[in-house]
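Chain A is the first sequence line, chain B the second, and so forth, proteins listed ahead of strands; every chain is numbered from 1.
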2 protein chains.
Amino acid sequence: MDNLKKKNLKKKLSIVDLAKQLNISPTTISFILNGKAQEKRISSELVERVLKQIEEVGYKPNALAQSLRTGKTMIIGLMVENIANPFFANIARLIEEKAYKNGYKIIYCSTDNDSAKTKDLLRIFQDRHVDGYIISPPEGIEKEVDGLIDNGSPVVLFDRYLHDTKADFIVVDNAGSTYEAVNHLVKNGYKNIAFITLDSLQTQMQDRLKGYEKALNEHALSHHVKEISYYQEEENIIRHIVAFLERKPELDAVLFGTNYLGVSGLKAIKKLNKRVPEDLAVISFDDHTLFELHSPDITAISQPIEEISEKLITILLGRLNKTSKAKKTQSAVLAPELIVRGSSRKIKA
Amino acid sequence: MDNLKKKNLKKKLSIVDLAKQLNISPTTISFILNGKAQEKRISSELVERVLKQIEEVGYKPNALAQSLRTGKTMIIGLMVENIANPFFANIARLIEEKAYKNGYKIIYCSTDNDSAKTKDLLRIFQDRHVDGYIISPPEGIEKEVDGLIDNGSPVVLFDRYLHDTKADFIVVDNAGSTYEAVNHLVKNGYKNIAFITLDSLQTQMQDRLKGYEKALNEHALSHHVKEISYYQEEENIIRHIVAFLERKPELDAVLFGTNYLGVSGLKAIKKLNKRVPEDLAVISFDDHTLFELHSPDITAISQPIEEISEKLITILLGRLNKTSKAKKTQSAVLAPELIVRGSSRKIKA
DNA sequence: GTGAAAGCGCTAACAC
DNA sequence: GTGTTAGCGCTTTCAC
């Protein structure tokens with residue numbers, strides 16, 4: 001009866017309680033628990049006895065107290081632009097998995113590309129003493145990021161990076177892959193190629209724009225760039241795309257700068273009753289379930305999500321484990337893959 | 001020079017440091033910080049002075065120490081089946097937002113519907129002393145959930161619930177909405193309606209099955225149920241669906257039990273070169289960007305994501321704020337909406 | 001009105 | 001090899 005009750009009640013017992021039960025000092029238990037039994041030459045019988053008792057009474061160290069003492073929380077702060085975006089959700093998923101495997105937990109949040117919100121969020125993460133950060137940063141948080149690093153918290157950026165920052169980063173070859181995509185369109189006979197992108201100075205968007213422009217210049221084709229503001233409802237985005245496409249009847253192909261622009265773009269194209277690719281060829285940056293199943297299926301610049309996540313966590317864990325803080329900025333530029341599908345196929349002229 | 005350095009260094013200063021600077025006791029500062037200035041009748045000038053100093057030196061209380069002392073972490077543990085599933089990602093997004101607005105942060109993870117993994121994860125959340133839980137639970141964690149509640153941590157389940165548990169839950173009317181969807185198909189002239197679902201005993205899947213069967217029974221139509229195991233690659237799922245559809249050429253409609261089954265199903269249907277809805281009408285549980293843009297667009301049972309998130313966080317915050325632990329289980333059953341699209345339209349017989 | 005002091009549970013330098 | 005003890009930074013009871 002009493003035993004049963006005890007089990008349910010789960011009186012949180014501390015290392016001191018445990019020490020009393022065993023008639024030894026908390027220190028010894030602490031040493032054993034932290035793998036210092038050998039080093040401190042604690043008798044293996046004692047170790048045995050302690051471990052057994054721990055098992056028996058279900059003792060679990062208070063992580064909060066540990067963190068307060070050691071300064072390490074084993075928590076990684078993950079800030080993505082928007083967790084509802086499949087690209088970020090998939091990255092988050094993979095990072096989470098790899099982090100857990102290494103004993104780290106994830107606290108996450110969506111920044112909405114809002115630097116004020118992001119600063120608040122960074123503050124909160126700092127308050128909670130997260131050990132390291134993985135961030136797809138909005139513009140304007142350079143100072144805060146460097147502040148974190150100065151305080152000894154490693155930061156790895158992804159999807160885009162920040163100029164003049166000490167933070168590590170993992171990005172993809174945005175310029176090169178966009179360049180390749182446009183060349184693919186040109187090779188298939190398209191000449192009036194638009195680029196519908198975000199009105200954003202973030203590096204990834206700027207690089208995609210550069211790739212687009214470089215390709216067009218090389219082929220002496222005229223530019224058709226439409227920049228759309230990030231901060232609006234999808235309906236509005238669609239409206240803008242519709243207006244742009246209507247204004248430019250000469251277009252025969254369009255490249256979308258992000259997956260959600262691609263999705264909105266397809267909705268716009270549907271509204272206009274344009275046939276893909278006969279009236280308008282389509283390529284989108286980022287792949288999306290939708291692109292595979294759409295009729296026709298949509299050519300996409302697919303990012304190596306698995307590789308990105310792997311590198312991110314590897315770099316971060318490296319920083320977390322090593323004491324050498326002096327190491328230089330690490331970075332990697334990964335190669336996306338152009339997945340050619342029906343929406344950009346050659347049409348008989 | 002020295003000032004600059006100080007700013008960058010951000011020597012974490014404690015409440016004691018602050019007290020020394022002000023020549024008062026830490027207690028007073030603590031009272032002021034915790035809104036007890038009135039109660040303790042601390043002179044408003046002192047309050048002013050303290051606040052100003054805090055501002056000036058950028059003092060921030062150590063949340064870890066606070067948590068250790070108070071036992072509250074202001075962190076909510078969110079466990080979803082899979083953050084890469086848009087349904088869960090969207091819910092997570094909304095919950096996160098609402099939580100932050102109330103001063104709570106989210107630690108999240110994906111359970112993969114794996115009860116062993118989930119138990120581990122619960123353990124980790126417990127270790128970190130999260131204040132409350134929002135969970136889309138796999139089967140088999142009833143005991144653990146009740147354990148949490150017994151220990152005073154509120155738990156709200158969603159998407160499905162657990163029998164014989166004290167936990168609150170928010171679900172949708174799975175049986176009713178599936179019933180309605182099948183009736184819609186029947187009304188549009190379909191007679192051989194399959195239900196492709198998960199091989200799962202979770203309540204939501206069972207209820208969807210019941211709704212399907214009830215409708216068929218009322219119309220004296222024969223059942224065609226295909227249960228697919230959750231734990232496999234998408235390729236395999238597609239293969240199973242293909243095989244099922246090939247084995248049952250008499251089918252003229254199919255209802256998918258989840259959004260990813262719907263997506264895989266569409267891929268299977270594409271492989272089989274079946275026309276939708278001429279050869280096979282399609283409805284899927286859960287809406288998905290894809291369903292809107294697919295040709296034809298896909299009829300879906302859309303869950304009220306915003307409302308679900310709102311209720312979840314409201315119930316949890318209610319529990320967190322109130323001291324009355326004795327309150328009975330709270331639950332709500334929300335109504336999904338059948339969004340009728342082209343994939344289930346009436347075809348001329 | 002304000003302060004001293006006792007912990008929350010843990011780690012680790014130091015002592016023996 | 002093992003124990004004593006001083007904090008980590010905060011809240012809160014009790015005293016004045």
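- For DNA chain D, the residues of residues 32-52 of chain B within the heavy-atom distance limit of 4.0 Å (strictly under) are B/Asn34, B/Lys36, sorted by number.
- The residues A/Lys98 and A/Glu306 are annotated as salt-bridged, a charged nitrogen and a carboxylate oxygen being separated by less than 4.0 angstrom.
- Between the P atom of D/dT12 and the NZ atom of B/Lys72 lies a distance of 12 Å, rounded to the nearest Å.
- Within the 4.0 angstrom heavy-atom criterion, only backbone atoms of the sugar-phosphate kind lie near B/Ile24; the bases stay farther away.
- Rounded to whole angstrom, the span from the CG atom of A/Asn62 across to the P atom of C/dG7 amounts to 17 Å.
- Rounding to the nearest 0.5 Å places CD1 of B/Ile32 at 12.5 Å from NZ of B/Lys40.
- A side chain to side chain contact (heavy atoms under 4.5 Å, CB included) with A/Val50 holds for exactly one of A/Leu22, A/Thr28, A/Ile42; it is A/Leu22.
- Between A/Ser67 and B/Arg128, the shortest heavy-atom contact is OG-NH2, 2.9 Å.
- Summarising the geometry, the separation between CG on B/Leu13 and P on D/dG9 is reported as 10 Å, rounded to the nearest angstrom.
- One end of the helix from C/dG1-D/dC16 to C/dC16-D/dG1 points its axis 50° away from the other end's axis, with each axis taken from 5 pairs and the angle rounded to 10°.
- Atom-to-atom, CZ of B/Phe31 to P of C/dG3 comes out at 11 Å; the value is rounded to the nearest Å.
- Between A/Arg49 and A/Glu56, none of the side-chain N atoms (NZ, or NE/NH1/NH2) sits under 4.0 Å from a carboxylate O, so this pair counts as no salt bridge.
- Where B/Pro26 and A/Val16 each meet DNA chain C at their nearest nucleotide, the meeting point lying more 5' is that of B/Pro26.
- Salt-bridge formation is detected for the pair B/Arg93/B/Glu97: a Lys NZ or Arg NE/NH1/NH2 atom is positioned less than 4.0 Å from an Asp or Glu carboxylate oxygen.
- In terms of position on DNA chain C, the residue among B/Thr28 and B/Ala65 whose nearest nucleotide sits closer to the 5' end is B/Thr28.
- Residue A/Arg69 places no side-chain atom within donor-acceptor reach of the base of C/dG9, judged by atom type and a 3.5 Å distance cut-off alone.
- At a threshold of 4.0 angstrom between heavy atoms, the contacts of B/Ser30 include nucleobase atoms, whether or not backbone atoms are also involved.
- What separates CG of B/Leu64 from P of C/dT11 is a distance of 13 Å, to the nearest Å.
- Considering every non-hydrogen atom in both B/Thr118 and B/Pro138, the closest pair reads OG1-CG, 3.3 Å.
- Set against D/dC10, C/dG9, D/dT11, the side chain of B/Thr70 has D/dT11 as its closest nucleotide.
- With rounding to whole Å, B/Ile29 atom CD1 is found 13 Å from D/dT11 atom C1'.
- Of the possible donor and acceptor atoms, none in the side chain of A/Asp146 sits under 3.5 Å from a partner among the backbone N and O of A/Thr165.
- The aromatic rings of A/Tyr108 and B/Tyr108 sit perpendicular to each other, their planes meeting at more than 60°, with 30° as the lower class boundary.
- No more than 12 heavy atoms of other residues, nucleotides or ligands shown are found within 6.0 angstrom of NZ on A/Lys143.
- For B/Tyr59 and D/dC10, the shortest distance from a side-chain N or O to OP1 or OP2 is below 4.0 Å.
- Residue-level contact check: A/Thr27 touches the bases, meaning some heavy atom is under 4.0 Å from a base atom.
- B/Gln66 has no side-chain polar atom (N or O) that falls below the 4.0 Å cut-off from OP1 or OP2 of D/dG9.
- Residue A/Lys20 contributes atom NZ, which lies 20 Å from atom P of D/dT2 at whole-angstrom precision.
- Within the 4.0 angstrom heavy-atom criterion, only backbone atoms of the sugar-phosphate kind lie near A/Asn23; the bases stay farther away.
- The CZ atom of B/Arg128 sits 13 Å away from the C1' atom of C/dC10 (whole-angstrom rounding).
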